[in-house]
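Here is the structure we will look at.
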Amino acid sequence: MLIRDSVAMKIVPGLHGAGIEARRAEFQRPIARLARAQAVLRARYAEDALRGAAIRNVSLYVILGAGFDTFAYRQPAWAKTLTIIEVDRPEAQAAKRECLTDASVEPPANVRYLSVDLEAGALADALEEIMLGRPAFFSFLGVCQYLSGEAVEQVLLVIARQAPNSQVALTFNLPEDMLTGDDRAAARLGADAAAEAGEPWLSCFRPDELIEGLRSLGFRTVEHLTPREAQIRYFEGRRDGLHASSVQQCVLATV
């Protein structure tokens, strides 16, 4: 079990039991399995790293582009000492909070909401009164592909300027020319679906260039979870068809 998430079933439209059963064949298509694998992999990878940060007494968790991220509403006991800050555009936050209310899910006392458009480059000012020179753990998951390269760099620069031992777990999409076979086909389908939904993919990164870029911004260490390592660590022995892919990959960078 990578992630146990009963909250998503309550707050995301169409994810109730009957709705899932009615769309079983759709959810078992290769593109759907890949998307599901990416979502659970990045969440588990970030939450493993977050737990390590909490053990080291990091007390701030900033979720960038929080969307329908459910960590705050299913948080384990070890996370109760964290201040969890969900960052997203005002309209995205309003939609999520409406769904939480409709599902009778009460936001925990340690959760705060910060309205920021990451593309607009206003993150530094928004965080100024919150950080207070303390190290923080940031997650930046499933977001980079929807931002321009310049906006991604500005977000990472803001994190790089935080207190020593701050960290960010992020995901990035590979360019199509680095993908083959099913991964390339899945990436094309994913990009087309995102564009049709009005959220086109704007950025992709080559791993070596991203790692070098993170180091040039001031991150002391950068860990790249390769697809092979992800398969061994998180998917080995599974019988449900979920597996690590090359389309979207994870990095953990430390200030």
Considering only heavy atoms from C-beta outward, does the side chain of [X] approach that of [Y] to under 4.5 Å?
X	Y	value
F71	I3	no
R233	L225	yes
I130	R112	yes
L64	L123	yes

Look up atom [atom1] in [X] and atom [atom2] in [Y], then write down how far apart they are to the nearest 0.5 Å.
X	Y	atom1	atom2	result
I84	L60	CD1	CG	10.5 Å
Q75	L50	CD	CG	10.0 Å
L114	D88	CG	CG	10.5 Å
Q154	L156	CD	CG	9.5 Å

Can you pull out every ring pair (Phe, Tyr, Trp, His ring centres under 6.0 Å) where at least one residue sits in residues 84-120? Sequence neighbours excluded, please.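 Counting only pairs at least two positions apart or across chains, no ring pair (Phe, Tyr, Trp, His ring centres under 6.0 Å) contact touches residues 84-120.
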Tell me the closest heavy-atom pair linking [X] and [Y], and the distance in Å.
X	Y	value
A160	L217	CB-O, 3.5 Å
F137	V58	N-CG1, 3.8 Å
T81	W78	OG1-O, 3.8 Å
R89	D117	CG-CA, 4.0 Å
E176	R184	O-NH2, 3.2 Å
Q231	A244	OE1-N, 2.9 Å

Does [X] reach the main-chain N or O of [Y] with its side chain, forming a donor-acceptor pair under 3.5 Å?
X	Y	result
E199	A195	no
D183	S246	yes
T70	Y73	no

List for me each residue that meets side chain to side chain donor-acceptor pair (under 3.5 Å) alongside [X], sequence neighbours excluded, and say none if there are none.
X	value
R220	N165
H224	Q249
S115	Q93
R206	D177

Kindly write out the residues that satisfy side-chain contact (heavy atoms from CB on, under 4.5 Å) with [X], not counting sequence neighbours, or none if the list is empty.
X	result
D48	R44, Y234
V255	S166, F219
A193	none
R215	I211, V222

Which atom pairs, one a donor and one an acceptor, fall under 3.5 Å between side chains of residues 94-109 and the rest of the protein, sequence neighbours left out?
unit_1: K96; atom_1: NZ; unit_2: G67; atom_2: O; d: 3.2
unit_1: K96; atom_1: NZ; unit_2: D69; atom_2: O; d: 2.5
unit_1: K96; atom_1: NZ; unit_2: E86; atom_2: OE1; d: 2.9
unit_1: K96; atom_1: NZ; unit_2: E86; atom_2: OE2; d: 3.1
unit_1: T101; atom_1: OG1; unit_2: R97; atom_2: O; d: 3.0

Mark yes when over 12 heavy atoms from residues, nucleotides or ligands other than R56 sit less than 6.0 Å from its CZ; otherwise mark no. yes
Salt-bridge contact E47-R42 (side-chain N to carboxylate O under 4.0 Å):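 No, E47 and R42 are not salt-bridged.
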Any pair counted as side chain to side chain donor-acceptor pair (under 3.5 Å), so long as it reaches residues 121-136, sequence neighbours left out: none
Of L118, V168, V116, which meets side chain to side chain contact (heavy atoms under 4.5 Å, CB included) against V155?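 Exactly one pass, corresponding to L118.
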All N/O donor-acceptor pairs, side-chain side in residues 139-152, below 3.5 Å, sequence neighbours left out:
unit_1: S139; atom_1: OG; unit_2: Y61; atom_2: OH; d: 3.1
unit_1: S148; atom_1: OG; unit_2: E119; atom_2: OE2; d: 2.6
unit_1: S148; atom_1: OG; unit_2: A151; atom_2: N; d: 3.1

